[in-house]
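Okay, so here's the structure we're looking at.
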Amino acid sequence: MRYSQMLLPTTRETPSEAEVVSHQLLLRAGFISKLTSGIYTYLPLGLAAVQKVAQIVREEMNRAGAQELLMPMVQPADLWIESGRWRKYGAELLRFTDRHERESCLGPTHEEVVTDLARRLLKSYRQLPKNLYQIQTKFRDEIRPRFGLMRGREFVMKDAYSFDVDDAAAGLSYQNMYDAYHRIFTRCGLDFRAVEADTGSIGGSFSHEFMVLAETGEDTLVICEDMQCGYAANVEKAAVAPPGGSVAGEAEDRVMIRVETPGMKKVAVVAEFLGATPKQVVKTMIFLADNEPVAVLVRGDREVQPVKLKNLLGATEVEPLDDKAAYDLTRLPVGYLGPVDLPLKTVADQEVMAMANCITGANEKQYHLTGVRPGRDFQPDLVGDVRRITAEDSCPSCGGSLRLTEGIEVGHIFKLGTAYSEAMNATFQDSEGRERSFVMGCYGIGVSRVVAAAIEQNHDDNGIIFPLPLAPFQVILLNLGLGSDAITSAAEELYRRLQEGGLEVLYDDRDERPGSKFKDADLIGLPFRVTVGKTLEKEGLIEIRERRSGEVEKVPPEQAA
RNA sequence: CGGGAAGUGGCUCAGUCUGGUAGAGCACAGCGUUCGGGACGCUGGGGUCGGAGGUUCGAAUCCUCUCUUCCCGACCA
């Protein structure tokens with residue numbers, strides 16, 4: 001491609017709307033152009049990068065035995081009513097009515113459509129297993145789109161759906177996709193981890209997220225330092241090992257005492273006032289779980305992990321309440337709450353139950369209790385693992401040490417079981433002639449997000465540094481001697497020969513000064529830069545420079561490869 | 001939806017407090033000099049100051065309403 005003919009609007013300045021690096025560089029390097037919040041046009045270079053990812057995904061999906069199809073973007077409400085998600089999905093589902101007053105929506109995902117397809121086309125166990133996928137633009141009316149391609153409302157996604165005869169077979173399909181995902185992200189040249197994850201709104205029983213490690217990630221991961229172990233999980237999910245040590249050791253029975261703690265609502269303040277540490281305090285927080293207030297107890301220095309709480313309660317939605325909302329709802333002395341005689345459903349973190357002698361609120365303004373003994377002085381309705389894991393915790397799998405890191409979710413695979421097939425009555429006949437529901441799995445990859453994630457992980461002050469497999473072109477060829485026939489004809493010749501050699505080449509034939517060309521080349525971030533300029537006249541050589549390392553090699557023009 | 005910030009030429013921003021002829025740099029067009037890390041000089045084109053209403057002799061500037069965008073939280077590929 002000749003740069004002079006390409007729509008490739010690079011800018012020197014960073015548009016003020018962009019906060020994260022990938023967004024800034026995508027805009028500056030002329031990859032995308034914003035239409036409105038969370039909705040972008042992919043300019044030629046941006047599209048080329050997206051297509052690189054898509055092609056890798058496609059090849060590996062096909063290799064794994066999946067078949068590509070393309071489902072409609074507009075979907076009838078009927079299907080969503082059948083699955084129950086018309087009600088559950090919420091405002092993220094963009095709904096509208098057509099001219100016949102039929103309710104419809106823009107597809108944020110395709111479980112309903114594909115399940116409908118399966119129940120009509122797949123009748124026999126002999127047709128199974130099947131794995132169907134598509135690469136398509138999805139629409140989710142995100143509450144807050146942000147970070148450019150990282151969280152858009154429109155985005156390119158690969159979604160695959162597997163249909164199996166039973167759980168065991170579905171497990172194989174799941175594993176097959178797990179392996180395919182590993183190959184995909186490895187081929188993309190990304191530093192990633194597969195982690196255990198929460199299943200979220202798609203539902204189902206088991207899932208892994210594929211995370212690209214990058215500082216700007218929206219998720220936090222825990223990774224076991226022991227490479228042998230390989231444990232990795234989203235902190236939303238990461239199980240905390242039950243506390244060791246027995247309570248009996250500190251069994252000297254303390255008596256509960258009520259003490260005045262004027263104006264002390266914060267754990268740290270109370271602890272200091274009483275000559276203790278936050279570790280001896282039980283923190284009582286109010287959450288709203290499916291519209292019912294619940295008191296949650298964790299050690300004073302811990303944080304509640306809402307997703308774990310949600311799963312423990314079996315609730316569909318859980319949110320923390322601030323002091324005012326909590327008071328309005330419960331009329332309790334917020335700031336001085338404690339589990340003793342608390343008139344609310346109470347959930348305790350497992351760790352709290354192992355505390356022998358603790359400080360809690362007294363459920364009375366300006367007062368706390370000391371010497372409280374869980375199990376003796378109060379009995380929670382539910383005990384479980386609800387706190388957020390920390391780097392100080394030990395690996396729940398091997399007991400080794402853990403590391404916390406940020407990640408960008410680029411893929412997510414789920415075991416769905418029969419949730420959708422049962423709801424939508426999607427059945428086939430097994431080998432004994434019985435009707436059975438498909439056992440399903442679903443597997444997503446944020447194709448456009450992969451591009452953003454790759455840039456988050458691979459850039460420097462001068463611009464993008466594309467991993468070779470994702471680069472929209474492999475080489476940028478600079479002609480720095482437009483005034484010189486010798487240089488220009490050498491550059492043209494090289495352009496032709498590189499292409500004939502099977503390389504994708506962006507040929508910068510613009511009438512620009514060398515400085516601008518170098519800057520643009522760095523910004524766009526193609527892996528190799530070939531420069532034809534005055535060194536050709538002086539030494540008869542051209543330069544090949546690797547974008548990532550900056551290493552330069554001078555060779556005669558004939559040898560370029 | 002809650003909290004915060006911002007809307008002035010294609011981009012980055014000044015001007016707003018204290019009302020009085022709409023500015024700069026970059027980008028764009030022309031001419032000349034330049035030409036290996038975003039050159040320089042001269043000339044030129046381009047702006048309903050987000051929108052509506054109000055106050056005023058006079059509004060980018062003050063008031064009211066509204067729209068949009070960005071950031072922080074809940075959601076997710």
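In what follows, chains carry the letters A, B, and so on, assigned in the order in which the sequence lines appear, proteins first and then strands, with residues in each chain numbered from 1. Keep in mind it's a predicted model, so treat the numbers as computed, not measured.
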As a test of reading the structure: which of C76(B), C71(B), A77(B) is closest to the side chain of Arg146(A), going by heavy atoms? C71(B)
Take atom P in G9(B) and the same atom in G50(B), then report the distance between them in whole Å. 8 Å
Need one value for Ile445(A): base, sugar-phosphate or nothing, where a base atom within 4.0 Å counts as base even if backbone is also close, heavy atoms only. nothing
Quick one: label Glu17(A) by what it contacts on the DNA or RNA (base, sugar-phosphate, nothing), any heavy atom closer than 4.0 Å. sugar-phosphate
What's the gap between G25(B) and C17(B) when it is taken at their C1' atoms, as a whole Å value? 25 Å
Find out whether Leu344(A) and Leu332(A) are in side-chain contact, i.e. whether some heavy atom of one side chain is under 4.5 Å from a heavy atom of the other. yes
Which one of Glu218(A), Glu92(A), Glu19(A) satisfies the salt bridge (charged side-chain N to carboxylate O under 4.0 Å, His left out) criterion with Arg151(A)? Glu218(A)
Partner residues of Gln55(A) under the side chain to side chain donor-acceptor pair (under 3.5 Å) criterion, sequence neighbours left out: Arg58(A), Glu59(A)
Report the base-pairing partner of U33(B) (Watson-Crick or G-U wobble, both distances below 3.5 angstrom), or none. A39(B)
From the options C13(B), U69(B), A74(B), select the nucleotide whose nearest atom is closest to the side chain of Thr36(A). U69(B)
Under a 3.5 Å cut-off for both contacts, is G19(B) paired Watson-Crick or G-U wobble with anything, and if yes, with which nucleotide? none
C70(B) phosphate, OP1 or OP2, under 4.0 Å from Arg144(A) side-chain N/O: no
For nucleotides 42-51 of chain B, print each protein N/O atom paired with a nucleotide N/O atom at under 3.5 Å, atom names and distance only.
none

P gap between A77(B) and C63(B), integer Å: 45 Å
Give me the distance, rounded to whole Å, that separates U8(B) from G15(B) when you measure between the P atoms they each carry. 14 Å
Using a 4.0 Å heavy-atom cut-off, write out nucleotides 30-39 of chain B from 5' to 3' as B (base contacted by protein), S (sugar-phosphate only) or - (no contact). ----BSBBBB
Do Thr216(A) and Glu406(A) have side chains that approach each other closer than 4.5 Å (heavy atoms only, starting at C-beta)? no
Pairing partner (Watson-Crick or G-U wobble, both distances under 3.5 angstrom) of U68(B): A6(B)
Per atom distances to the Ile143(A) side chain, the nearest of U12(B), A77(B), C1(B) is C1(B)
Between Asn458(A) and Arg548(A), do the side chains contain a donor N or O and an acceptor N or O under 3.5 Å apart? yes
Nucleotide forming a Watson-Crick or wobble pair with C49(B), both distances under 3.5 Å: none
Watson-Crick or G-U wobble partner for A60(B), using a 3.5 Å limit on both distances? none
Shortest non-hydrogen contact between Ile487(A) and Lys534(A), atoms and distance: CD1-N, 4.3 Å
Provide the closest heavy-atom pair for Val447(A) versus Ala54(A) in the form atom of the first, atom of the second, distance. CG1-N, 4.0 Å
What is the nucleic acid contact for Lys34(A), judged by heavy atoms within less than 4.0 Å: base, sugar-phosphate only, or nothing? sugar-phosphate
Hey, what's the ring geometry for Tyr178(A) with His208(A), parallel, tilted or perpendicular (30° and 60° as the breaks)? perpendicular
Under 4.0 Å between any heavy atoms, over every strand shown, what does Asp219(A) touch: base, sugar-phosphate, or nothing? Just pick one. base
Assigned partner base of C1(B), Watson-Crick or wobble definition, under 3.5 Å: G73(B)
What integer number of Å spans the P atoms of G7(B) and G53(B)? 22 Å
Take the angle between the ring planes of Tyr89(A) and Trp80(A) and call it parallel below 30°, perpendicular above 60°, tilted in between. perpendicular
Just checking Gly463(A): base, sugar-phosphate only, or nothing, at a heavy-atom cut-off of under 4.0 Å? nothing
Correct closest heavy-atom pair for Asp511(A) and Leu482(A) would be CA-CD1, 3.4 Å
By the 4.0 Å heavy-atom rule, please label Phe147(A) as base, sugar-phosphate, or nothing. sugar-phosphate
Give me the distance, rounded to whole Å, that separates U43(B) from G19(B) when you measure between the P atoms they each carry. 35 Å
Do the two ring centres, one from Phe466(A) and one from Phe31(A), sit under 6.0 Å apart? yes
Tell me whether the side-chain N or O atoms of Glu13(A) pair up with the base of G25(B) as donor and acceptor below 3.5 Å, since no angle test is needed here. yes
Pairwise C1' distance, U18(B) and G30(B) [rounded to whole Å]: 43 Å
Separation of the P atoms in C40(B) and A27(B), to the nearest angstrom: 9 Å
